[in-house]
Amino acid sequence: MVTGEYQHALDNKGRIFIPAKLRDELGTAAYVTLSMDRCLSVYSEESWNGLVEKVNALPFVRQRKMRPLFAHAVRCELDAQGRILLPQSLRDWAGLVKNAPVVGCNNHAEIWDSESWQSVLAEEMSPENIGAVLEELEF
């Protein structure tokens with residue numbers, strides 16, 4: 001399970017450090033693609049393969065809807081310092097310039113623009129939202 005929030009910054013080459021705890025979960029290579037939010041989703045090889053299997057089980061017409069996820073996906077290998085290189089096109093799409101929190105999200109991590117992440121936190125960290133989430137889980 002991928003959990004936690006880590007504050008990191010992109011270097012001048014577009015690389016971001018993946019925290020050791022997340023590297024343990026993600027492995028030595030990860031798949032990075034678009035998210036339904038304006039951030040990037042980072043999947044371990046195992047989680048990515050699970051996603052691919054689910055897509056392959058869909059009727060072809062529904063598989064085509066997944067095209068953006070695959071068209072913009074890249075396999076990123078971690079370097080010796082635990083960084084991955086994010087392509088410029090993905091950085092542009094997510095609005096990543098400098099500060100980029102890396103956030104655990106169950107079966108994947110997310111990389112956010114810092115200001116966007118702060119807006120999401122302000123909305124999602126309300127007691128009402130947390131209560132609604134727990135209620136949804138029947139907690």
Side-chain angles (χ1 to χ4, degrees):
M1 177 181 309
V2 183
T3 61
E5 175 184 344
Y6 308 89
Q7 299 299 323
H8 288 287
L10 295 170
D11 68 12
N12 59 358
K13 294 181 181 179
R15 297 174 297 195
I16 190 164
F17 179 76
I18 301 298
K21 184 177 181 323
L22 294 185
R23 288 194 308 264
D24 290 344
E25 297 298 328
L26 295 172
T28 59
Y31 286 86
V32 181
T33 192
L34 310 174
S35 173
M36 67 181 201
D37 296 309
R38 203 70 163 181
C39 68
L40 301 179
S41 292
V42 184
Y43 294 91
S44 68
E45 195 134 18
E46 180 182 351
S47 288
W48 182 255
N49 289 338
L51 179 89
V52 169
E53 287 177 21
K54 286 182 181 182
V55 170
N56 286 340
L58 295 172
F60 180 72
V61 173
R62 291 185 61 203
Q63 285 183 30
R64 286 184 14 201
K65 292 180 182 179
M66 307 302 161
R67 188 178 296 144
L69 292 178
F70 293 99
H72 297 282
V74 293
R75 186 174 190 273
C76 298
E77 302 218 6
L78 282 97
D79 67 13
Q81 286 77 40
R83 301 170 299 190
I84 58 173
L85 174 63
L86 299 173
Q88 185 68 51
S89 60
L90 288 177
R91 293 192 316 256
D92 289 345
W93 187 86
L96 302 176
V97 178
K98 186 65 177 164
N99 295 323
V102 179
V103 180
C105 195
N106 190 21
N107 69 337
H108 68 285
E110 295 175 339
I111 302 173
W112 285 84
D113 163 70
S114 187
E115 287 183 26
S116 297
W117 177 240
Q118 290 307 313
S119 295
V120 168
L121 279 181
E123 184 179 317
E124 292 182 351
M125 290 294 292
S126 72
E128 295 81 15
N129 187 61
I130 293 171
V133 168
L134 293 173
E135 185 176 318
E136 183 73 25
L137 295 171
E138 298 179 356
F139 243 34

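In this structure a side-chain-to-backbone donor-acceptor pair under 3.5 Å is present from Lys98 to Leu10. In terms of modelled atom types and a separation under 3.5 Å, the side chain of Ser47 and the main chain of Asn107 share a donor-acceptor contact.
With rounding to the nearest 0.5 angstrom, the CG atom of Leu85 is 10.0 Å from the CG atom of Leu90. For the atom pair CG (Leu26) and OH (Tyr43), the distance works out to 11.5 Å, reported to the nearest 0.5 Å.
Pro101 has its side chain within reach of Ser114: a pair of non-hydrogen atoms, C-beta onward, lies under 4.5 Å apart. No side-chain heavy atom of Glu5 sits less than 4.5 Å from a side-chain heavy atom of Trp112. In this structure, the side chains of His108 and Val42 stay at 4.5 Å or more apart for every pair of heavy atoms.
The shortest heavy-atom contact between Ile111 and Ala100 is CG2-CB, 4.0 Å.
Linking ILVMFWY side-chain heavy atoms closer than 4.5 Å, directly or via other members, places Val2 and Leu34 in a single hydrophobic cluster. The hydrophobic clustering, which links ILVMFWY residues whose side-chain heavy atoms are closer than 4.5 Å, places Tyr6 and Val32 together. Residue Val103 is not grouped with residue Ile18 when hydrophobic side chains (ILVMFWY) are merged at heavy-atom distances under 4.5 angstrom, including chains of intermediate members.
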Worksheet item: Stepwise, does the side chain to side chain contact (heavy atoms under 4.5 Å, CB included) test hold for Leu40 with Leu96?
Response: CA-CA 9 Å; Leu40 301 179; Leu96 302 176; 3.7 Å; yes
List the atom pairs, with distances to 0.1 Å, where a side-chain N or O of residues 121-134 and a protein N or O form a donor-acceptor pair under 3.5 Å, not counting sequence neighbours.
from   : atom 1 : to     : atom 2 : distance (Å)
Ser126 : OG     : Asn129 : N      : 3.0
Asn129 : ND2    : Glu124 : O      : 2.9

Contacts under 3.5 angstrom, residues 59-83 side chains, donor-acceptor by atom type, not counting sequence neighbours:
from  : atom 1 : to    : atom 2 : distance (Å)
Gln63 : NE2    : Val55 : O      : 3.4
Gln63 : NE2    : Asn56 : O      : 3.3
Gln63 : NE2    : Leu58 : O      : 2.8
Arg75 : NH1    : Glu77 : OE2    : 2.6
Arg75 : NH2    : Glu45 : OE1    : 3.2
Asp79 : OD1    : Gln81 : N      : 2.9
Asp79 : OD1    : Gly82 : N      : 3.1
Asp79 : OD1    : Arg83 : N      : 2.9
Asp79 : OD2    : Arg83 : NE     : 2.8
Asp79 : OD2    : Arg83 : NH2    : 2.8
Gln81 : OE1    : Arg83 : NH2    : 2.9

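Residues that satisfy the side chain to side chain contact (heavy atoms under 4.5 Å, CB included) test with Gln88, not counting sequence neighbours, are Arg91, Asp92. Residues satisfying the side chain to side chain contact (heavy atoms under 4.5 Å, CB included) criterion with Glu135, sequence neighbours excluded, are absent altogether. The side chain to side chain contact (heavy atoms under 4.5 Å, CB included) check on Thr3 picks up Met1, Lys21, with sequence neighbours excluded.
The side chain to side chain donor-acceptor pair (under 3.5 Å) contacts involving residues 26-39 comprise nothing, where partners must be two or more places apart or lie in separate chains.
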